[in-house]
Structures are given as structure tokens and as C-alpha cells.
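Throughout, a chain's letter reflects where its sequence line sits, starting with A, and its residues are numbered from 1.
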Amino acid sequence: MADNPYLAHLPPSQRGVGHSLSTSSSSSDREPLFGFLPRKVKGEQVRQAMNHQLNPFTKQPHSAQYRKILEARRALPVYAQMDEFLKRFSKNQIIVMVGETGSGKTTQIPQFVTYSDLPHTKGKLVACTQPRRVAAMSVAQRVADEMDVQLGKQVGYSIRFEDMTESGTTFLKYMTDGMLLREAMNDKELSRYSTIILDEAHERTLATDILMGLLKNLAKRRKDLKIIVMSATLDAVKFQSYFSLHDSAAGEEPSPAPLFKVPGRTHPVEVFYTQEPEPDYVEAAIRTVLMIHRAEDPGDILIFLTGEEEIEDACRKIKLEADDLLNADPSSVGPLMCVPLYSSLPPQQQQRIFDAAPKPSQEGYPPGRKVVVSTNIAETSLTIDGIVYVVDPGFSKQKVYNPRIRVESLLVSPISKASAQQRAGRAGRTRPGKCFRLYTEKDFISELEEQTHPEILRSNLANAVLELAKLGIKDLVRFDYLDAPAPETLMRALELLNYLAALDDDGELTALGGVMAEFPLDPQFAKMLIVSPEFRVSNEILTITAMLSIPNVWLRPPNQRAAADQAKAMLTVPEGDHLTMLNVFNNYYQNKHDRNWAWNNFLSARALAQAENVRAQLLRTMEKYDVDVISLEDERKRNIGIRQALTCGFFMQVAHKEGEKGSYLTVKDNQASTTLTIFKSLALTSSKVVALHPSCGLDSQPEWVLFNEFVLTKRPYIRTVTEVKPEWLLEYAPVYFDLASFPNGETKSALQRVANKRRGLSNGGGEETRPKKKLKKDKAKEEVDKREKL
DNA sequence: GAGCACTGC
């Protein structure tokens, strides 16, 4: 056996029993998975298979690298609990698992599952979802290495724009949660999967929340499907009771889903609080950093602030003060390097967070220190090794949705306790660290929420509701959510989808809605894309949709503002910002051979490349559903067609000019639906007075404009704006613009004049409003009524 | 005359 080249370097204890390449017919010749009974596999069997000289999945001898990695895997906390995990996996359909950072759960548990579940023997897959693409990709790569297979073969990943799997070969697939949700829309049973693992469930992304609801239901229908919900924090009790086993037929009391717990592997972090609340957290953060720099041992610092402007500002101030300190006394204070970090920063600059801290200014002088000033991106998405000190002012920008006024906005808000703990943990990744919280301990205990509100409670749900409808969920209000959204939010979503004709008046998905759901877009965009061939401008609408699906393309470096504005003016189309976006993309496309074109025009090449990617994906979907891609030759007619198609998707986002001061009134925000009587009770809002955003490229102030975005910053603004004709509103959205139900005012009078003129022209004929059908008074309505009474 | 927390399809 010592001759075995694959085992010779291992101590005898790890060679397993009788594994050899000899051809004699001893038990050692058995296949690595000999005797494995699906879902009844024991830890000892798995360990033997792992030690076998042959890879059970490729039948190839294990590589030296495999052995080396296996050594490291054995040291992971989760590895020590393999036996217990497999026992639980055999016994239960649903398991909730808690593993702190460093436990190895994301890489190991899916592997344990495959050894027990043996998906490859039944043509199935094990899926493990992640909230972020990079995580899905990098974990898949790591696990492929650990299993000694090529990425994309037995182990793969699936994310938007990239399917790194091989049909028939891949049996362990990491994927984004949104991707699995999309798959569910076309296969409600998720029949390809034998086990589904939802990782990072505590992050409570919209997709994970919806998946939890679906899987809970699916588990009742598919007894062969196993589900593991993995979470990092101790909020597992909630998941346990949500997934409780309840056999009501047998009259049993519900018993919580079993919990499997694995310790983490991090270093202790000492937490400090301020004695008094800090009135200015940015100033306090800067002061704290300098205090650490002067008084604490070497080690890098991570500060959490809320946004780009705040971060750049703080970096400048820290740098100034630190340079002063260094100049005043270079023998007692080291040099300091300050690095900003936020998502809109170009990747090259983001990489700077991994640079080493500066060297001492002179030999024998104190070492330098790196300070990273970051948004929440460093809380979950990016990990920086070597951080020893964390400064946590206790705030972050969070999305909030107000269904009453249908507005999503960003608000600087206090973080949750869970978030504060996550931030503190960032100081203990490489060695014991310290966390300075810029609030009092009392506030931490009594003021901070336990958990950040899940996304489903903070978002416009139009998209999610369309997805659920496509998933066959009939009663959206009664759907078994882990946290149910406000009924108003659901109503707003239903209302929008009904106006877009994605749902009929009974709340049933229409054929149009079914196709809309196939597009990875907000419903308004999907609608306008699908109807755009009627205006013979689908090629252009496709481009505009792609451009509006990506981050801002305009660059404006602080020292070159005038030049940037000038470049923008050159590309601006005065009829509207949507046409400008189209123009930008077309120019980019024509100048693709010129690598400097984007840069010379102060445009983000990265964003434009993304737009191209999105456009290609949308084009594939259009082709799949026979949405023709066509263009109008004549530029004038084409631009009108584009604006008309825009109106078909965004007629609910229209503003009417009031007076001459450039103020606009959003149309009909204070209105209840005409057909859906259940929304009458929601008609409590007032119209919003808004202004055109300064970035708007319109050369005049047209009477009627359509906007893509409402932003609430210093003032309420509408952004990405295009002029529309009121006739189009009446023609393409007759139900929404039914004047009989319109509130009196300037807007109504203006529309009335247009309507009268149209009626005159068509001689009173052609009643275009469709017959009004009352939505049956269903549970949804009762739900809302109940709310209103409270 | 301003801004874009972070993801995802």
C-alpha cells in the first residue's frame, strides 16, 4: 500500500482501510460510494469516500491538491459535526441551520448533502442559493477545487448572464436566489432538485423571502424534496417556527423545524460605547479614527458611513488631520492611508482597499495604518482582511417604501443590532480587535431594532407580485410570508399590474402578464417593450430599457465638471432624456472600436458594456416570445413612436405643469382606481408637487411629461423625463385616465379640453373605455378594510 | 442646479 502514489504522503490513519489501486478482488476495490444508501449515509462512510484514492464522481484518482485542501477542510468547525448533520439530514425534510462566520457551512454543507443525497444517481441536482453573484461564483469555484472536479462540470454555478453548468453532469449548483425564483416560474415543482439549500437566509432578500414561502408549500407536495435554510445570526427561531412541521390532520401540535448549530471561528472583539450621544456622527467618526491612530496598537481601521459624498468628505478631512499629526511629531505617529469604498467606485479603485498599510516614515518610526471608509458594502459584500478596529456610527442608508404615495426612497436610518454585530465582527477576522460604537450602550439596547426590516417590507412589490402570480399563487394577501407586507403595498402592486393589463379585474394573470413576467424588468418596462412593435420602434425601446436598467452612465469628475457637462450636452436630445439614452447607446455602439470614446465623452464604459449585456439578454427573451424587433426609418416618426410606446408603460408616471414657475404636479396620485373599487379606501394621498431634476435635458418645460424616476432629495424631483401628448394618455390608458373619476383641478380641465377636442374630431363615436367590471369583494378587500378601521 | 445604500432577474 505504501507504493500507492496517491496515498504515500498521508499518515496511515488517513489512508482509510484497504484503499488501493491493486486489481485484486478485496473489499478495497469497491467503488468509493459502495454501500451508500441515498439519504442514509453515515459520517464514517463519507470520510472513507473522501479518503478513497478515487474521486467517486469522476472515477479519477484524487490529486495532491485535493489532499491538501481536505486537510484544511478537516479543521473547519462544521467538519467535526458531519455525523450529526448527516443523521439530521436523513431524518428530516427541513432543517434550519445556524453557522457563524468561519464555520465553513457554505462550502461544506452542500458537499455533505451530495454525499448523502447522491443526486447524480437519480439525475437530480442539489442547489445552494446566494444573495450575490460573486458569492455564487467564488464559492462554486472553491467547492469544485475541494471536490477535485472542473468548475462547470459536476459542480457549477448559475447567475444572470452566465450559466456555468453542464446538463446531465452538474449535480451541485450554486446560484443566486433570484435565479432559482426565475426557474420556479417555469417549473413550479422545481423538479430538477432533490435538495435546496437557502444560504444567507438572514439577509432576507426579497427573492429568498419569496423562495421560503414557495418551498414551505412545495415541501408539502413534494415529500422527496429536502430543504435546508442556513443563516448566520441567531434569528433561527423565527425560521424554525415558520418551517414547523404541522400535521393538522393528525391533530398534532406544530413542532419547530429542527435546528442544527455550528460554532464560528472568529476572534473576540471588544466593544466600546460613547458616554453621551454624538450630535454629529461624521465628525465623531473622524475624531475616533485619529484617536485610534494616535493611541492604539498597529492595525487597520474600518469606518462605516452612509454614502459617497459623506465618505469622500471624511477621507479628505482624515487625511488632512493625519498629515498634520505626522508633520508635528513623526517619531510618535505613523503615516496614514485613507481609502474610500462604495459600489459606484470603479473596480480599480475598489481594489485599493487590499493595498498594504504604508511603511514607517523612517526606519524605527511607528508603522503606517490603513483606514477604509466604507458604506454598508463592507458589512456583507466585501471582506477586508487585516481590519483590527471598526468605527461604527450606527447609521446606514436604507430603502423605504411608502405605498400611500407610491415612493421608494433612501433614508439615513439607525442600523439594527444584528447589523451592529456584523460590523463589529469585521474587526475580528484575523486577530482580536476593537469596535468603537458612536452611540451609548443604552441606545444600543433600547433604541436599535433587533433585525433590519426585511426587504419585502421596504419595497415596491409590483415585480414580486407579478412573479408570484406567474408562480400560480392565487391569493397574494394570504400567501404564507415569513413577514407579510403591508396590505397597502400589495394593493398598490395589484393596482399597477391591473392598469398594465398584466392582471385582469379578478386578479388573474393575463396572457400579457405571463409574458411580462418572463422579462427581468419592472412591469412598466416589460409592458412597454412588449407593445413597442405596435409602434414599430421595439429596437429603440429595447435599447432604452437596457440603458435604464443599468447604473448612471454619466461621469462628472469634480475637477472637470464643465467639460463633462459640455460632453453631455453634445449627446442630449431635447425631446427627452429617454431619447438621449438611446442616442448615447447608439453612439457608443458606433464607436466601439474606439476604446477612448466613452472616456472622452465622460461616460462610464463599464456601465455601457453592462447595457449591451442586458440588451442582448432582453433580445433573447423577445425572440423567445415572438416580440418583433423593428425600427422606423423616419427619425421624426420614430421619435414619436418611441414616446408613444413609453406612454403605454409609464402612463401612471406623468406630471402636468402647473403655473409658470417650473413646478409640476404628478397626475392622479390622489386617485383611487376606477375599476378596482377595493382601492377606494387608499385614496388618501395628495398629488405631489415636483420639479424637473437639474440633470434633465429638456430644452423647454412641456405641459405634459412622463418620468422614469421620482427622487426625494433636497426637494422632490422627477428624473429621466420625456414630453408626451395628452391625447396619448387618453388613447393608450383610457381606464386610468377615465375623466369621470378624476378630481377637479387644472389637470382634469386640461385633459377634458383634449377629450372634448378628440370627441369632436371623431364625432362622438368610438367609446374607448372598456366595460368596467367590479372586482369581486374578496379577502384582500376585507383585509384592507380591517386595517382602515384600526 | 444635483447625486447613487446594497443586491438581484
Side-chain angles (χ1 to χ4, degrees), chain A residues 129-136 158-163 175-186 200 203-211 304-313 341-345 374-382 395-400 408-413 415 419 422 452 454-456 458-459 463-464 466-467 470 516-523 525-526 545-546 549-556 558 561-562 564-565 568 604 607 610 613-614 617-618 620-621 662 691-697 709 711-720:
Chain A
T129 67
Q130 297 292 320
R132 282 169 292 279
R133 281 187 217 158
V134 268
S158 177
I159 59 174
R160 187 183 187 183
F161 305 128
E162 201 182 357
D163 182 10
M175 64 203 303
T176 44
D177 48 10
M179 207 66 200
L180 185 60
L181 192 55
R182 227 135 245 281
E183 282 190 15
M185 294 196 326
N186 291 307
E200 314 288 1
E203 288 196 26
R204 304 290 308 276
T205 64
L206 197 44
T208 294
D209 263 29
I210 293 174
L211 281 170
F304 288 99
L305 292 178
T306 66
E308 173 176 347
E309 197 181 340
E310 213 172 77
I311 287 167
E312 293 292 355
D313 194 42
L341 177 64
Y342 43 88
S343 76
S344 58
L345 213 55
S374 172
T375 59
N376 253 6
I377 193 170
E379 197 180 299
T380 47
S381 307
L382 271 169
F395 291 96
S396 71
K397 273 191 195 168
Q398 287 168 33
K399 186 171 71 184
V400 285
E408 255 181 2
S409 50
L410 285 172
L411 212 64
V412 174
S413 325
I415 59 171
S419 200
Q422 178 77 8
T452 311
E455 209 183 350
I456 199 166
R458 297 185 285 121
S459 310
N463 225 336
L466 183 60
E467 279 165 2
K470 178 87 180 185
M516 282 168 65
E518 294 291 337
F519 286 89
L521 295 169
D522 278 342
F525 283 108
T545 303
S549 303
I550 49 128
N552 181 23
V553 291
W554 308 102
L555 300 178
R556 206 171 180 233
R561 287 191 175 177
D565 291 349
K568 186 176 176 185
S604 161
Q610 279 180 53
N613 221 347
V614 173
Q617 189 195 29
L618 296 175
R620 283 195 297 275
T621 312
L692 301 184
H693 194 273
S695 66
C696 173
E709 231 182 329
V711 283
L712 190 63
T713 50
K714 283 181 181 162
R715 291 172 58 186
Y717 286 111
I718 49 176
R719 195 159 55 185
T720 317

Take atom [atom1] of [X] and atom [atom2] of [N], then tell me their distance rounded to the nearest Å.
{"X": "A:M185", "N": "B:dG8", "atom1": "CE", "atom2": "P", "value": "18 Å"}
{"X": "A:D565", "N": "B:dA2", "atom1": "CG", "atom2": "P", "value": "13 Å"}
{"X": "A:I377", "N": "B:dC6", "atom1": "CD1", "atom2": "P", "value": "6 Å"}
{"X": "A:R182", "N": "B:dG8", "atom1": "CZ", "atom2": "P", "value": "14 Å"}
{"X": "A:E312", "N": "B:dA2", "atom1": "CD", "atom2": "P", "value": "20 Å"}
{"X": "A:R204", "N": "B:dT7", "atom1": "CZ", "atom2": "P", "value": "20 Å"}
{"X": "A:E310", "N": "B:dA5", "atom1": "CD", "atom2": "P", "value": "9 Å"}
{"X": "A:I456", "N": "B:dG8", "atom1": "CD1", "atom2": "P", "value": "18 Å"}

With sugar-phosphate meaning primed atoms plus P, OP1 and OP2, does [X] contact a base, only sugar-phosphate, or nothing at under 4.0 Å between heavy atoms?
{"X": "A:S396", "value": "nothing"}
{"X": "A:R132", "value": "sugar-phosphate"}
{"X": "A:L206", "value": "nothing"}
{"X": "A:E308", "value": "base"}
{"X": "A:R133", "value": "sugar-phosphate"}
{"X": "A:Y342", "value": "sugar-phosphate"}

Open item on the list: I'd like to know if A:R133 and A:E162 make a salt bridge, using a cut-off of under 4.0 Å between side-chain N and carboxylate O.
Closed with: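 Looking at A:R133 and A:E162, the cut-off is not met.
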Check this one for me: any side-chain N or O of [X] less than 4.0 Å away from OP1 or OP2 of [N]?
{"X": "A:T380", "N": "B:dT7", "answer": "no"}
{"X": "A:S381", "N": "B:dC6", "answer": "no"}
{"X": "A:T375", "N": "B:dC6", "answer": "yes"}
{"X": "A:Y717", "N": "B:dA2", "answer": "yes"}

TODO: Quick one: list whatever passes side chain to side chain contact (heavy atoms under 4.5 Å, CB included) with A:S158, sequence neighbours left out.
DONE: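 For A:S158 the side chain to side chain contact (heavy atoms under 4.5 Å, CB included) partners, ignoring immediate neighbours, are A:D163, A:K173, A:M175, A:M179.
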Task: Residues that A:R458 engages under side chain to side chain donor-acceptor pair (under 3.5 Å), provided they are two or more places apart - done: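 Partners of A:R458 by the side chain to side chain donor-acceptor pair (under 3.5 Å) criterion come out as none, since no residue qualifies.
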- [ ] Under the side chain to side chain donor-acceptor pair (under 3.5 Å) rule, what do A:S419 and A:E379 come out as? Steps first, then yes or no, please.
- [x] CA-CA 8 Å; A:S419 200; A:E379 197 180 299; 2.5 Å; yes
Open item on the list: Could you check whether atom CD of A:E709 has more than 12 heavy atoms from other residues, nucleotides or ligands sitting under 6.0 Å from it?
Closed with: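 More than 12 within 6.0 Å, yes.
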TODO: Nearest-nucleotide wise, let me know which of A:P520 and A:R719 is further upstream toward the 5' end of DNA chain B.
DONE: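 Comparing both residues, the 5'-ward one is A:R719.
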- [ ] Specify the residue among A:L521 and A:R458 whose closest nucleotide of DNA chain B lies further upstream toward the 5′ end.
- [x]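 The answer here is A:R458.
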Task: Side chains of A:S396 and A:Q398, donor plus acceptor under 3.5 Å - done: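 Side chains of A:S396 and A:Q398: pair found under 3.5 Å.
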TODO: Ignoring the backbone of A:R556, work out which of B:dG3, B:dC9, B:dT7 is nearest its side chain.
DONE: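 Nucleotide nearest to A:R556's side chain: B:dG3.
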